[in-house]
Amino acid sequence: MITVTLPDGSKREYTTGTTGGDIAYSIGERLGKAALAVKVNDKIIDLNRPITGDADVAIITLKSDEGLELIRHDAAHVMAEAVQELFPGTQVTIGPAIENGFYYDFAREQPFTDSDFEAIENKMREIIKRDEPFTREEWSREDAIKFFKDKGEEFKVELIQDLPKDEILSIYKQGEWTDLCRGPHLPSTGKVGTAFKLMKVAGAYWRGDSNRPMLQRIYGTVWRDKKELDAYLHLLEEAEKRDHRRLGQELELFHLQEEAAGSVFWHPKGWTLYRQVENYVRNQISAAGYVEVKTPQLIDRKLWEKSGHWDKFRKNMFIIKDSDNSELEDHESTCSCGCHGAKDKNEDNVRYLAVKPMNCPAHVQIFKQGTKSYRDLPLRMAEFGCCHRNEPSGALHGIMRVRQMVQDDAHIFCSEDQIISETKEFCALLLKMYKDFGFENVGVKIATRPELRAGTDETWDKAEKGLIEATEATGLSFDLAEGEGAFYGPKIEFHLTDAIGRTWQCGTLQLDFVLPERLDAEYTGEDGNKHRPVMLHRAILGSLERFIGILIEHYAGAFPVWLAPVQAVVATITNEFDDYGQQVVDTLKKHGIRVESDLRSEKITYKVREHSLKKVPYILAVGGKEKETNSVAVRTFGSEGQKVMGLDEFIAMITDQAKMPA
RNA sequence: GCUGGUGUAGCUCAGUCGGUAGAGCGGCGCAUUCGUAAUGCGUAGGUCGUAGGUUCAAGUCCUAUCACCAGCACCA
């Protein structure tokens, strides 16, 4: 006999080898039917596997997230079977459950297109209707390799070969269809249900490695029932309306165009927003003891070689050959060879300049001017640094991933024993500022040493340890991102989420023992000896472009008054009151309010609709009544109706709301 | 960079079998002067991303290229 402890703490006795399914039915008929799998001592296993000892047992049903994840995983298997039935010769690889659904990666010569989705979905429904039981078998390595080799499943063979020697190979069958899988699985395909939809097909590298073959990944979404599925699809539609690229155009914030791919054309309204954000940051960091600098765009190759960028980052840098243009013109005007190329008289003397991709080496140059003492530390040097990086074409994305960006960058030069206090202060400042922008949920990761890196392992040991300790000291919880650090040091990453749930790294703090060494920065310590400062590279917003992109999606374009490019529009009821309307506009302008007038001979309903669509915080309608009493009829964005208030009263209210957070 | 898709008026999009390029919104003009999410009428906008090719004829078919979209890889 074994003793089973249920989640409510009650204990029951069963014969040894009883299954999760048996337990579910022994508790109740309905639970038995609803059971999908069973959690035994925190490990989820199939319902029909025997339980051989005393254990904590929980029956997994669709009510739990774990149950939902199970049907998503099984939907992937069902899709794989469907695809192989419909498209013989397609090889299967891996297919996990993910947030909102699943994907499965296939190898097939011909591409899948969305027009294949209907057929695949229908076949999936057929398989689900067949309600094939999932059965688990344990095979020997040799048998498994032979089986998949015979089937021509090279990718599966590779997976098996790479599994640890002592790992038990579990094979799952759903009807006739066989797959290598760790499990667990549902009792049968019928449990997957019908609330699923194939979403998109895209390429994905085998094992995430760009040197290996590209597979075809089909994504699907799966929910408990049709209602949940519809709700999710509706959510996606709504999210589309928040897309910063769409709002950027609708609200006349910025545009992008082919001739400057990856660089933003900021329009007056967008630039107003940008400047608000920039000035806010400037105020905040100034209060936090930073000094602001500005450094060159073009810097000689020599400095980048010293810093290590030339070695480790060159593929992302825009590099310019510094030739004498007058010579070039002379050559072009006199020569008939048509070469029109820069022919340098002496190739040995050619200089190369790089447009800066980062500000750090330049900041070290400022640090190195004159001598520094321990009394100067920590020296917090900030710059709204305009950086260019030649990002791969496929990486560009609206204003979130661009080739020209402005970082709210700073480098804190400090001593080793200041790392923890500086990190703590930085994290506090970052969280405060994010909160002012309305972000409460921030994902935190610590990224450790990458393969391509500068500095010794000892240095990295020290840096990683220091950063983790400092972050722990701030009380933030974080995930580790192994191998994702910068080439000069490990980093803390702060991630924000866009409208459709993609996360973007914004803030960062990177601990660097390498650059001060390479660029020979030093200060005189209390002991009178020379010491290396530590550099903390840090950004709060990350890049203004990306952050503003996120900000647009976060507020769906309806900015709080302090950020709104246009804070109020004065709209006259009829042209008879244009004089008064203009007077109101002038008064508001005098009070520093960003206000526009709408004196067109349109109906007030038309004007209200238009400015509402532009998400202007306040629409002030003025007509006869308002003129008589020196008031305005205020319509607040997001609410119906209006409130008549004295102009002074309105000014007091909006001025208060327009204040930048302190 | 890779895989797939898309590119037609300022915007959103239609354009069948290859046969003289269309709608709605917006713009402009005129009328209207109106009290909280679209007033009416009229009118002007296009080298169909770019470059080649096939064809009597190309928005439509083919090739190349650029940009964008989704995902992957890379990254703030």
Side-chain angles (χ1 to χ4, degrees), chain A residues 103 105 110-115 199-219 243 245-246 249-250 252 255-262 313 315-316 357-358 385 387 389-403 405-409 447 450 484 486 491 493-496 500 502 504-508 510 537 539-547 549-550 571-578 600-614 619-626 633-635 637 639-644:
Chain A
Y103 67 77
D105 288 347
Q110 268 170 289
F112 292 109
T113 67
D114 337 357
S115 51
M199 301 297 283
K200 54 198 171 196
V201 55
Y205 295 110
W206 169 234
R207 300 196 140 180
D209 182 344
S210 56
N211 297 312
R212 310 211 60 187
M214 179 155 272
L215 307 169
Q216 298 188 60
R217 175 172 297 179
I218 300 179
Y219 286 90
D243 190 310
R245 292 164 297 189
R246 176 176 169 152
Q249 183 186 76
E250 286 176 1
E252 305 165 274
H255 88 270
L256 298 157
Q257 73 184 49
E258 201 167 333
E259 291 83 350
F313 206 72
K315 66 178 194 322
N316 282 301
M358 296 182 193
C387 295
R389 296 182 188 173
N390 199 355
E391 300 290 351
S393 58
L396 301 179
H397 180 90
I399 67 172
M400 307 265 223
R401 184 79 184 267
V402 289
R403 291 198 172 119
M405 63 178 150
V406 175
Q407 298 179 311
D408 65 323
D409 200 11
E484 290 181 18
K491 54 182 179 177
E493 300 176 357
F494 298 89
H495 293 256
L496 293 174
I500 63 166
R502 290 180 288 216
W504 296 87
Q505 185 190 315
C506 291
T508 183
Q510 311 174 357
H537 306 239
I540 290 178
L541 310 188
S543 81
L544 270 83
E545 288 79 3
R546 175 176 293 180
F547 191 83
I550 298 261
T572 45
I573 304 286
T574 75
N575 292 123
E576 196 187 329
F577 308 106
D578 285 0
R600 294 174 301 175
S601 13
E602 296 288 351
K603 298 209 299 194
I604 193 66
T605 50
Y606 183 88
K607 297 183 182 180
V608 164
R609 175 182 153 80
E610 216 164 72
H611 303 302
S612 298
L613 289 173
K614 297 286 186 193
I619 299 170
L620 311 182
V622 295
K625 285 180 257 173
E626 289 74 22
V634 180
R635 185 185 173 104
F637 180 80
S639 56
E640 302 274 309
Q642 55 278 332
K643 189 183 167 206
V644 178

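What you see is a predicted model, and the numbers here were worked out from it, not measured in a lab. Proteins get letters first, then strands, A, B, ... in listed order; numbering begins at 1 in each.
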- [ ] Answer yes or no: does a side-chain N or O of A/Arg401 lie under 4.0 Å from OP1 or OP2 of B/C74?
- [x] no
TODO: Would you please confirm or rule out a distance under 4.0 Å between OP1 or OP2 of B/A76 and any side-chain N or O of A/Gln505?
DONE: yes
Task: Phosphate contact (B/C34 OP1 or OP2) by A/Lys607 side-chain N/O below 4.0 Å - done: no
TODO: Name the closest nucleotide to the A/Ser393 side chain, picking from B/U3, B/A37, B/G1.
DONE: B/G1
Open item on the list: By nearest heavy atom, map A/Glu640 and A/Met400 onto RNA chain B; which one lands nearer the 5' end?
Closed with: A/Glu640
Task: For B/C34, the Watson-Crick or wobble partner whose two distances fall under 3.5 Å - done: none
- [ ] Taking only the side-chain nitrogens and oxygens of A/His397, find out if one of them lies under 4.0 Å from OP1 or OP2 of B/A70.
- [x] yes
Task: Donor-acceptor pair (no angle test) under 3.5 Å: A/Arg635 side chain, B/A37 base - done: yes
Open item on the list: Applying the Watson-Crick and G-U wobble criteria at under 3.5 Å, what pairs with B/C74? Answer none if nothing qualifies.
Closed with: none
Open item on the list: From C-beta outward on A/Glu258, which listed nucleotide comes closest to its side chain: B/C72, B/A67, B/A76?
Closed with: B/A67
Task: Proximity to the side chain of A/Lys603 - top-ranked nucleotide from B/A73, B/U39, B/G4 - done: B/U39
- [ ] Please state the C1' separation for the pair B/G15 and B/G24 - nearest whole angstrom.
- [x] 15 Å
Task: Closest to the A/Tyr606 side chain, choosing from B/U39, B/A37, B/G71 - done: B/U39
- [ ] Report the nucleotide, chosen from B/C74, B/A76, B/A38, that has the shortest atom-to-atom distance to any side-chain atom of A/Ala395.
- [x] B/C74
Task: P gap between B/U12 and B/C74, integer Å - done: 33 Å
